[in-house]
Every structure is written in C-alpha cells, then in structure tokens.
Amino acid sequence: MGAAGPVIEREIETDVRERDDAKKDDLEVNDLEKGEVGFEERVIHNGGVDDVHNDHEEFKLSRFNRLNLTNPLRIVLNNHTRVSAPSPVQSQHSQPQSQPRSTPTPQQQPVTLNSRKYTNRISLFLFILHMCLVIALECFLVFKGVQGLIQASESMKRKEKRVLMYFLPQVEAATLMSIILAFTWQGAIRKWPTFMVHFILWCTFLMSLAAGIFLVCLQMPPTDGVGVCFIAFAIGNGLYACWVSHRIKFCCKVFSLSLQPMSKFRDLNRPTYIMLGVGFVWISLWCLAVIGALNFYFPPLIIIALVLSLAWTTEVMRNVVNITVSRVIALYYLRGMQSSTQFCFLRACTRNLGSACLGSVFVPTIEALRVVARALNLLEGEDEFMFCCAHCCLRVMETIFRNGNSWAYVQIAAYGKGFVNASQDTWALFEKEEMETIVDADITSSICFLTGVCSGSICVIVVAAWTYKVHQTFTATISLLTFFIGYLLTRIAMAVPHACVSCYYVCYAENPENRLFDKTIKDRQALLKSARDEIVPTPRVHRTRRS
C-alpha cells in the first residue's frame, strides 16, 4: 500500500500536467487564428500568454482558415493584419500559387491622345529645307527685279514695267477674290449643306463651260487652247454629276450631320484665317519673284520650280488646317472633349507637320493616278490589247491607296501616328466595319475639288476680261495663273468641312456604338447589303468577236 501511494500521486500529477498542456495548446491555436485576422493581440509576459479581447466578439475562424489564399475576403482582411513571418510550411504551400503571378503577361500598349513625338521627320526636314531655299531664292529674285528696274537696259526696264502694270494687279485681285469666294463657299455649305451639294456640282459645270467659251471667243491661239481645256472639263463634270446622282442624297445627309459639332467651337475657323492671310502674303512675294526671274538665267525653269513650290506650300497649308480641325472634332467624338483650337493648331504646325508635308505630296498624286486607273478600267474591252493591264493597274492603285489616303489625317491628328501607319490603320477600321464601299463611294472630296475649280473659273472670267482689255498678250498666261491661285486658296477653306466629314466616318468606324452617331451609316450598309440601293457598277464595253 505504501508503494501504491506515490504511483497514484504521479499519475494524478501527470493527468493535471497533460490537461494544462492541452489548455496551453488550445490557447496558442486560438491566439494564432485570431492574430491572423487582426481582431486580437497576444501579449507574452514571463513565458505566459494573456489574451486581450472583447467578451462579446466570438468568431468561428476555423472556416476562415480553410479559405483559399486568393479569396477576396481573406485578402482584404489580411491587409489590415499584423502577422509574423509565415512558417516554412505555409511558404511551401503558397509558392506554387504565387509563381504564375510572377510570369509577365504581354499587354497591348495604350494608345495616347497626347503623343509628343514628331511624325515623318524626313519629310519635315525636306520641307523646312525647301522653304529655306525658296525664301532665299525669292529674296534674291526680288533683288534682281529691283536691280533690273534701276540698272538694266531700256528694253528690260520696259519689259519689267509692263509686267508690273499688267500682271501684278490682276494676280493680286484674283487672290483677294479667291479668299472672298473661299469663305463664301464654306459659309454657304455650313448653312445649307443639302442645297450646296447640288449647287456646286452644276455651278462648276456652268462656270467652267462659260470660262471656256469666253476664252475661245477671244480668238487668240493661246486662249483657244486654254478654252478648249475648260470646255472638255465642263463636259466631264456634267457627266460626273449625272453619274453620282444616286449618291447625292446620302452625301447631303452626312454633310449635315458632320457639320453639327462646328457650332460648339466658335474659333474653329481661326486657322483658316491665318493660313489664307499667310497665303496672300506668300503669293504676293511669289509674284515679285516671278517678275525678277525674267531678269535672270533660265526664266522658264525657274518659274516652273516656283510654281511647283507654290503648289506644295499651299497644299501643306491646307493639310495643316485639315489636321487642326480633325483633332478638335475627333477628340469631341472619341472622348467628348472640347479641346482648344489654338493648341491643336500649334500641334499641327509642329509635331504633325511632317505628316502634312508627306501627305501633300502623295495624296494628290495617288488620287490622280487612281482616277486614271479607273478611266482605263472604263475603256477595257475583250479584244483591246492596250488595255489588257487595266485591271492590274487598278488593283495596284488600290493597294497603294491603302498605304496613303486622305482619311489618314484623322488618326494623325488624334493619335500622332505617321502618315503610312495612319493610312493602314484607318483602312483596316473601314474593313473591320465593312465600310469600304461607303467611303469609296463618298463624293465629299469631289465636292471640295469642284468648289476650287468653280472659284478658279470665276477668277478666270473676271481677270481674262480685264487683261484682254488692257494687255491682250498676257490673257492666256494670267488666266491659267489666276485659275491655279483660285483653286488652291479655295481648297484651304474647304479643308474645314472636308475634315468634319472625314472625322465622322473614321470615328464611327472606331466606335460605332458612340451615342453621338445615329443609324445613318448602319442603314446605308443595310440598304447596300439588301440591294435596295444599288451602286452603279463601272460600265464596261464588251465587243463581240469578229469571225
């Protein structure tokens, strides 16, 4: 019995010690669970554990511990927790889950609307170099002209004085008349777009025909040749007006819709005023340089070079206005922004000027060659060998047109892309939305072109009558020059409505669900697909084979 007492006491002590150890383990587990969530703190004093907590807050944390580590609830709660370093077991379990996150996934670069890079820098450099050379040449030729009036022989003095008296006033008057006509056309199109589309088509026909008949009636060989050209163009213009008669209704509707945002930007015409003012000063200096070229070597070559330089410079001015208006209207369609016209104009004159220079060279050339290719396709026959490559030429021009077209100016202005990339991306948008047929049949560019021709024809009628009365030998030369000036300056003003229409098409192709667009284009696409509104196919002449 004496030996049994110590054994019983040791067993009792062992049971008590085990119960104390179990309580400690339970407390440590509860503290660890509560500490992970961050609702309780453990305070260790002298090897003991004291739990500080509110009696009324009791949580069942065992279910929470079974949650996935990527569960949003656990992530949110763990962000507010002060937890000690994870155990090796936990780190081993979490290692496979964190590994896929460390693998970088390719992400598309975001498109910025405030690109700071200069586009088409080579074209920009060439244009600036060209302007420096032309300014130096014109200043030198003006000096030669003044020198000829003072120091040259009597015959040269009489020649230059005659040119100053009977050449310079007519050109200056034609320039002012062209500026007035340009703003008149633009204002009329903004107020009465539906009427003006019909009016421009047939007014250009009448004015060019009248100019041609008037020049032929002067009965001089030079004016007869120029008059025949005007009459031939008038006939082609009349045929074109009849050919596109089925497109006029849709064109008028697009014009009306695309010009609506202009009322939100009061100063949208300010770049046009600046460009036409600069154009007037530049043409005045250019005329003086032409007069000075008569007193220098190879006058014909120098005058041809000056004409080409004037064409490129005024085309760049037109595209600067186009890019400025395109950025203002495009940001309104794409982001609902009312941006500053002045800022957009400065951007077009600096960062996007290279694209304007490149497009000024290639767009008119590509569009002219495209017209020639379509004309060859019209004359294609089964037995004509000389037109056997008409299809090939047309396809080549269509491919080139994808890489350089006037629709590119919208993305150049909005995103700061280069000319070729903008052309390709814009045409890809049209293909994605199945809009190629609609934009290819659009006659907005033709309307703007015919507006310039109409202004030039009016200038020819006025100036040719004036010149024929004062100095008949200058009539043909001044008629061609005034037509050229009237066309170029009018196209600068018509860049504003042209840019509005381009933005309407391109921005719709980028986001057809935009609330700023109605169902005009969708309805047009539905009509074309259902064949209820036919696009006149290209007529072909099929000749029967002779036996």
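Just so it is clear, the model here is predicted, and its values are computed rather than measured.
Here the SG atom belonging to Cys287 is positioned 6.0 Å from the CG atom belonging to Leu481, to the nearest 0.5 angstrom. How far CE of Met177 is from OG1 of Thr184: 11.5 Å, rounded to the nearest 0.5 Å. With rounding to the nearest 0.5 Å, the separation of OG1 in Thr204 from CG in Leu209 is 12.0 Å. Interatomic distance, Ile128 CD1 to Leu133 CG, rounded to the nearest 0.5 Å: 12.0 Å. Here Met494 contributes atom CE and Arg318 contributes atom CZ; the two are 10.5 Å apart, rounded to the nearest 0.5 Å. The distance from the CG atom of Leu206 to the CZ atom of Phe199 is 8.5 Å, given to the nearest 0.5 Å.
When the ring pair (Phe, Tyr, Trp, His ring centres under 6.0 Å) test is applied to Phe430, the partners found at least two apart in sequence or on another chain are Trp407, Trp427. For Asp523, the side-chain contact (heavy atoms from CB on, under 4.5 Å) criterion is met by Lys519, not counting sequence neighbours.
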Apply ring pair (Phe, Tyr, Trp, His ring centres under 6.0 Å) to residues Phe230 and Phe483 and explain how you reach the verdict. CA-CA 11 Å; Phe230 274 95; Phe483 173 80; 5.3 Å; yes

Set out, in order, the CA-CA distance, both residues' side-chain angles and the distance that settles side-chain contact (heavy atoms from CB on, under 4.5 Å) for Thr341 and Arg266, then state yes or no. CA-CA 9 Å; Thr341 304; Arg266 302 273 181 188; over 6 Å; no

Run Ile485 and Cys459 through side-chain contact (heavy atoms from CB on, under 4.5 Å) and show every step you take. CA-CA 9 Å; Ile485 292 174; Cys459 292; over 6 Å; no

For Ile438 and Phe250, what are the C-alpha separation, side-chain angles and deciding distance, and is it a side-chain contact (heavy atoms from CB on, under 4.5 Å)? CA-CA 10 Å; Ile438 295 178; Phe250 179 72; 3.8 Å; yes

Worked check of side-chain contact (heavy atoms from CB on, under 4.5 Å) between Val363 and Glu315: CA-CA 10 Å; Val363 170; Glu315 191 70 13; over 6 Å; no

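The main-chain N or O of Ala305 is never found under 3.5 Å from a side-chain atom of Ser309 such that the two would form a donor-acceptor pair. Without hydrogens or angle criteria, Ser258 side chain to Phe255 main chain gives a donor-acceptor distance under 3.5 Å. Using a distance-only test at 3.5 Å, with no hydrogens or angles considered, no donor-acceptor pair links the side chain of Thr477 to the main chain of Phe474. At distances below 3.5 Å, not a single donor-acceptor pair connects side-chain atoms of Glu138 with backbone N or O atoms of Ala289. Glu431 places no side-chain N or O within 3.5 Å of a backbone atom of Glu436 that could act as its donor or acceptor partner. Of the possible donor and acceptor atoms, one in the side chain of Arg351 sits under 3.5 Å from a partner among the backbone N and O of Arg116. Without hydrogens or angle criteria, Thr490 side chain to Tyr487 main chain gives no donor-acceptor distance under 3.5 Å. Proximity of a side-chain donor or acceptor of Thr482 to a complementary backbone N or O of Val463 within less than 3.5 Å is not detected. Distance alone, capped at 3.5 Å, places no donor-acceptor pair between the Thr451 side chain and the Arg491 backbone. Remark: side-chain polar atoms of Ser245 are not paired, donor with acceptor, to backbone N or O of Ala241 under 3.5 angstrom.
A heavy-atom distance below 4.5 Å is found between the side chains of Tyr333 and Ile329. No side-chain heavy atom of Asn237 sits under 4.5 Å from any side-chain heavy atom of Trp202. Looking at heavy atoms from C-beta onward, Asn421 lies out of side-chain contact with Thr119 at the 4.5 angstrom threshold. Proximity of Thr475 to Pro222: side-chain heavy atoms (C-beta onward) are nowhere separated by under 4.5 Å. The shortest side-chain heavy-atom distance between Thr223 and Ser479 does not fall under the 4.5 Å cut-off. Residues Met435 and Asp440 fail the side-chain proximity criterion, which asks for heavy atoms closer than 4.5 Å. Side chains of Phe345 and Val328 form no contact here, defined as non-hydrogen atoms less than 4.5 Å apart. Between Leu489 and Ile283, the closest side-chain pair of non-hydrogen atoms falls below 4.5 Å.
Judged purely by distance below 3.5 Å, without hydrogens or angles, the side chains of Tyr409 and Ser502 never pair a donor atom with an acceptor atom. For Trp185 and Ser455, the side-chain atoms include at least one donor-acceptor pair closer than 3.5 Å. Using modelled atom types and a 3.5 Å distance limit, the side chains of Asp442 and Tyr505 yield a donor-acceptor pair. Counting only N and O atoms by type, the side chains of Gln424 and Asn403 include a donor and acceptor under 3.5 Å apart. His498 and Ser445 share no donor-acceptor pair across their side chains, judged by distance under 3.5 Å alone. For the residue pair Asn120/Ser355, the side-chain donor-acceptor check at 3.5 Å is satisfied. When only modelled atom types and interatomic distance are considered, Asn405 and Glu367 share no side-chain donor-acceptor pair under 3.5 Å. Between the side chains of Ser360 and Asn319, at least one donor-acceptor pair of N or O atoms lies under 3.5 Å.
Of all non-hydrogen atoms in Val216 and Val228, the two that sit nearest each other are CG2-N, 4.1 Å. The shortest non-hydrogen separation linking Val316 to Cys357 is CG2-CA, 4.0 Å. Annotation for Met207 and Ile461: closest pair O-CD1, 4.0 Å, computed over non-hydrogen atoms. Contact record, Ala413 with Arg327: O-NH1, 2.8 Å, taken as the closest heavy-atom pair. Here the closest heavy-atom approach between residue Ala464 and residue Leu215 is recorded as CB-CD2, 4.0 Å. Minimum interatomic distance between Ala408 and Thr426 (heavy atoms only, all atoms of both residues): CA-OG1, 4.1 Å.
The existence of a salt bridge linking Lys522 and Glu433 is excluded, since no basic side-chain nitrogen approaches an acidic carboxylate oxygen closer than 4.0 Å.
Relative to the ring axis of Trp243, Arg247 places its NZ or CZ within 45° and under 6.0 Å from the centre.
Taking the six-membered ring for Trp, Phe419 and Phe362 have ring centres at least 6.0 Å apart. A centroid separation of 6.0 Å or more is found between the aromatic rings of Tyr240 and Phe205.
In the displayed structure, Ile122 atom CD1 is contacted under 6.0 Å by at most 12 heavy atoms of other residues, nucleotides or ligands.
Ring geometry for Phe183 against Tyr273 counts as tilted: the plane angle lies between 30° and 60°, on a 0 to 90° scale. Using cut-offs of 30° and 60° on the angle between ring planes, the pair Phe449 and Phe233 is perpendicular.
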